[in-house]
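Notes follow the structure.
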Amino acid sequence: STKMPQFFLQYEHLTEEEDQEELHESLRFEPIEILALSKFLLNNSVEFEYLEQPREVTEQASAERGRWLFESRGCLACHSHGEFPEIKADQGPDLTGIAGKLDNAKGRKWLYSWIKQPHRYHLRTKMPVLFLDPIAEVGEDGKPTGAVTDPADDIVEYLLSVKSDWQAEGVPGQELTAEQADAL
């Protein structure tokens, strides 16, 4: 459901006999173009400093708490998610398959930083700051239990715990053939 257009892997129109040379050229040079574009973006990106979890947090992240927070903090006003099929929001991306993309150490740190302080990453984002400060748990007697949870980490845990069958498709490898390397 991304709003990002797909620039590559567009071959459907190259079906006629006279299109075969253009198809061959596309298949030959497209991996080089994708690699060059990726390298350009990475080389011209500003280094991003990930947020660290607050020191006062004592509890491990919980997918159960995260699911409740995802639902109660208003995430579903903008985002669709497969576990909430009755809600069709499209202001932000559908987050159903996000674990397939970000379930690694760097992805987890990025997602945590984004959820906690979205304007730190993108100044003009429409994503609001949700004020996900640590929560000191209180017992039935109204007194602090000493447990402190991190709602942002709980939401990350929930989002990355929902596995999907999403797989990247048509991603060219880093290795280029000798012919492609010569074309650079």
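Just so it is clear, the structure is predicted and the values come from calculations on it, not from any experiment. Index from 1, following the sequence.
Note that OG1 of T15 is 8.0 Å distant from CD of Q20, once rounded to the nearest 0.5 Å. Interatomic distance, CD of E30 versus CD of Q10, reported as 8.5 Å (0.5 Å rounding). How far SG of C75 is from CG of L130: 5.5 Å, rounded to the nearest 0.5 Å. Between K116 atom NZ and F131 atom CZ the span is 11.5 Å, to the nearest 0.5 Å. Rounded to the nearest 0.5 Å, atoms CD (E12) and CG (L14) are 8.5 Å apart. Rounding to the nearest 0.5 Å gives a distance of 15.0 Å between OH of Y50 and CD of Q117.
Using cut-offs of 30° and 60° on the angle between ring planes, the pair Y158 and F70 is tilted. Ring-plane geometry between W110 and W114 is classed as parallel, the angle between the planes falling under 30 degrees on a 0 to 90 degree scale with a further cut at 60.
L76 and V156 fall within a single hydrophobic cluster, where Ile, Leu, Val, Met, Phe, Trp and Tyr side chains are chained together by heavy-atom contacts under 4.5 Å. Taken together through direct or relayed side-chain contacts under 4.5 Å among Ile, Leu, Val, Met, Phe, Trp and Tyr, F40 and L42 form parts of separate hydrophobic clusters. I87 and I155 fall within the same hydrophobic cluster, where Ile, Leu, Val, Met, Phe, Trp and Tyr residues are linked whenever their side-chain heavy atoms come under 4.5 Å apart, directly or through other members. Under the 4.5 Å side-chain contact rule for hydrophobic residues, I135 and V138 do not share a cluster.
Side-chain atoms of M127 and H79, non-hydrogen and from C-beta on, do get closer than 4.5 Å to each other. Two residues are said to be in side-chain contact when any heavy atoms from C-beta on lie closer than 4.5 Å; F8 and L37 meet this criterion.
S113 places a side-chain N or O within donor-acceptor distance of the main-chain N or O of L51, the cut-off being under 3.5 Å.
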Residues 95-104 side chain polar contacts: donor-acceptor under 3.5 Å, at least two apart:
from	atom 1	to	atom 2	distance (Å)
T96	OG1	G82	N	2.6
T96	OG1	D94	OD1	2.6
D103	OD2	K163	NZ	2.5
N104	OD1	K106	N	3.2
N104	OD1	G107	N	2.6

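Sequence neighbours left out, the pairs with a member in residues 54-71 that pass side-chain hydrogen bond (donor to acceptor under 3.5 Å, both in side chains) are R65-D154, R67-E83. Sequence neighbours left out, the pairs with a member in residues 120-137 that pass side-chain hydrogen bond (donor to acceptor under 3.5 Å, both in side chains) are E137-T149.
When every heavy atom of A89 is checked against every heavy atom of S80, the shortest pair comes out as O-OG, 2.6 Å. Scanning both residues, A63 and S161, for their nearest heavy atoms gives CB-OG, 3.6 Å. Across all their heavy atoms, P31 and S26 have their closest contact at CD-O, 4.4 Å.
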Run the side-chain contact (heavy atoms from CB on, under 4.5 Å) check on L132 and I115 step by step: do they pass? CA-CA 8 Å; L132 297 171; I115 289 172; 3.4 Å; yes
Trace of the side-chain contact (heavy atoms from CB on, under 4.5 Å) decision for V129 with H119: CA-CA 8 Å; V129 175; H119 294 91; 3.5 Å; yes
Where do L27 and Y11 land on the side-chain contact (heavy atoms from CB on, under 4.5 Å) test, with the steps shown first? CA-CA 9 Å; L27 292 171; Y11 311 125; 3.7 Å; yes
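A 6.0 Å sphere centred on CD of E18 holds more than 12 heavy atoms belonging to other residues, nucleotides or ligands. By the 6.0 Å contact criterion, CD on E86 is enclosed, its count of non-hydrogen atoms from other residues, nucleotides or ligands being greater than 12.
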